[in-house]
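Here's the structure we're looking at; comments come further down.
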Amino acid sequence: MSNNVKKRVKVPSSAPKRRQRMVCLMSEEEVRIVEGYLKRYRITNKARWLRETVLSFIYQQMEEDYPTLFDEHDMRR
């Protein structure tokens with residue numbers, strides 16, 4: 001087995017089942033971009049990659065938008 005191959009972590013059976021479907025439409029160019037990325041980085045599970053990518057972006061935005069006691073301008077003084 002190659003050293004740079006990641007082992008897949010199995011999800012415990014107690015984890016909630018994914019039963020909700022989300023669908024989006026993409027242009028042919030967008031699909032080519034995504035497929036090229038997946039091929040370049042040897043990503044085989046497209047659904048998992050897409051889910052993790054979208055959710056990590058959302059979590060990052062939520063963290064940045066989290067209300068603080070002072071606004072950024074006041075904290076930089």
Side-chain angles (χ1 to χ4, degrees):
M1 184 186 276
S2 177
N3 288 341
N4 59 357
V5 175
K6 290 183 183 178
K7 267 194 160 182
R8 185 171 166 205
V9 178
K10 291 195 175 190
V11 177
S13 61
S14 63
K17 303 279 186 213
R18 293 186 182 98
R19 295 187 177 154
Q20 300 296 316
R21 179 181 301 265
M22 293 185 73
V23 178
C24 72
L25 297 176
M26 302 177 91
S27 70
E28 291 178 17
E29 181 182 1
E30 292 168 334
V31 171
R32 280 196 302 272
I33 291 169
V34 169
E35 295 295 336
Y37 183 90
L38 297 175
K39 184 177 180 182
R40 178 177 180 180
Y41 293 100
R42 298 182 182 142
I43 298 169
T44 56
N45 190 330
K46 189 189 309 186
R48 181 171 141 202
W49 170 78
L50 188 57
R51 186 173 51 253
E52 289 174 356
T53 302
V54 169
L55 289 175
S56 67
F57 177 81
I58 291 171
Y59 288 142
Q60 181 180 5
Q61 284 296 124
M62 288 173 67
E63 190 173 296
E64 290 173 7
D65 294 345
Y66 192 78
T68 58
L69 188 56
F70 303 102
D71 63 8
E72 185 177 351
H73 176 70
D74 292 336
M75 292 180 3
R76 292 187 183 271
R77 286 199 212 179

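These numbers come from the heavy atoms of this one structure, side chains and all, not from hydrogens, waters or symmetry mates.
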Query - Transitive ILVMFWY side-chain link Phe57 to Tyr66, under 4.5 Å - result: no

Report summary line: Sequence neighbours excluded, the answer for side-chain contact (heavy atoms from CB on, under 4.5 Å) partners of Met62 is Ile58, Tyr59

Report task. Assert yes or no for the condition that the ring centre distance of Trp49 to Tyr37 is strictly below 6.0 Å. Result -> yes

Query raised in the report: Would you say Glu29 has more than 12 foreign heavy atoms packed within less than 6.0 Å of its CD?
Result: no

Query - Separation between CZ of Arg51 and CG of Asn45, rounded to the nearest 0.5 Å - result: 7.0 Å

Report summary line: Nearest heavy-atom contact between Glu30 and Met26 is OE1-CA, 3.2 Å

Report task. Give the intermediate values and the outcome of side chain to side chain contact (heavy atoms under 4.5 Å, CB included) for residues Glu35 and Arg32. Result -> CA-CA 5 Å; Glu35 295 295 336; Arg32 280 196 302 272; 5.8 Å; no

**Report entry** ILVMFWY network linking Leu38 to Ile33, side-chain heavy atoms under 4.5 angstrom
**Finding:** no

Requested in this report: Report, as yes or no, whether the 6.0 Å neighbourhood of atom CD on Glu28 holds more than 12 heavy atoms from other residues, nucleotides or ligands.
Outcome: no

Query raised in the report: Can Met22 be reached from Val31 by stepping across I, L, V, M, F, W or Y side chains whose heavy atoms are under 4.5 Å apart?
Result: no

